[in-house]
Amino acid sequence: MTLKEVKPGETVSVAKIDGGGAIKRRIMDMGITKGVEIFVRKVAPLGDPVEITVRGYELSVRKADAELIEVVE
């Protein structure tokens, strides 16, 4: 399952970050790394962006980036 598929109000853990190069680096620089818990706060009406809470701060992630983040419940 990817972060894009998670419903608002659910908490998940990051299993893997797909992609490579600059995209993966940018996601990791935001604090999204393997094993970290993510709480999905809101999803915009058209699905872009996804508002999450990670490591105690709020973050908005594009739908394209959320598809690269594999999660487990």
Legend entry - For the student: nearest non-hydrogen atoms of Thr2 and Ala66, plus distance: CB-O, 3.9 Å

Inset, instruction - Of all the heavy-atom pairs spanning Gly19 and Lys24, show the shortest one and how long it is. - result: O-CD, 3.8 Å

Inset, instruction - Indicate yes or no for a side-chain donor-acceptor contact from Asp48 to the backbone of Arg62 under 3.5 Å, with no hydrogens or angles considered. - result: no

Legend entry - Validation row: Val61, Pro49 side chains within 4.5 angstrom (heavy atoms): no

Inset, instruction - Find out if a path of hydrophobic residues (ILVMFWY) with successive side-chain heavy-atom gaps under 4.5 Å connects Phe39 to Ile69. - result: no

Legend entry - Spatial distance of atom NZ (Lys4) from atom NZ (Lys63) [nearest 0.5 Å]: 5.0 Å

Legend entry - Val54 side chain near Val36 side chain, heavy-atom distance below 4.5 Å: yes

Legend entry - Interatomic distance, Leu3 atom CG to Glu10 atom CD [nearest 0.5 angstrom]: 10.5 Å

Inset, instruction - Would you give the length of the straight line joining atom OG1 of Thr53 to atom NZ of Lys42, rounded to the nearest 0.5 angstrom? - result: 10.5 Å

Legend entry - From CD (Glu70) to CE (Met1), nearest 0.5 Å: 10.5 Å

Please list, one pair per line, the donor and acceptor atoms closer than 3.5 Å that link side chains of residues 26-35 to other protein atoms, with sequence neighbours excluded.
{"residue": "Arg26", "atom": "NH2", "partner": "Asp65", "partner atom": "OD1", "Å": "3.1"}
{"residue": "Arg26", "atom": "NH2", "partner": "Asp65", "partner atom": "OD2", "Å": "2.6"}
{"residue": "Asp29", "atom": "OD1", "partner": "Arg25", "partner atom": "NE", "Å": "3.3"}
{"residue": "Asp29", "atom": "OD1", "partner": "Arg25", "partner atom": "NH2", "Å": "3.3"}
{"residue": "Thr33", "atom": "OG1", "partner": "Arg55", "partner atom": "NH2", "Å": "2.6"}

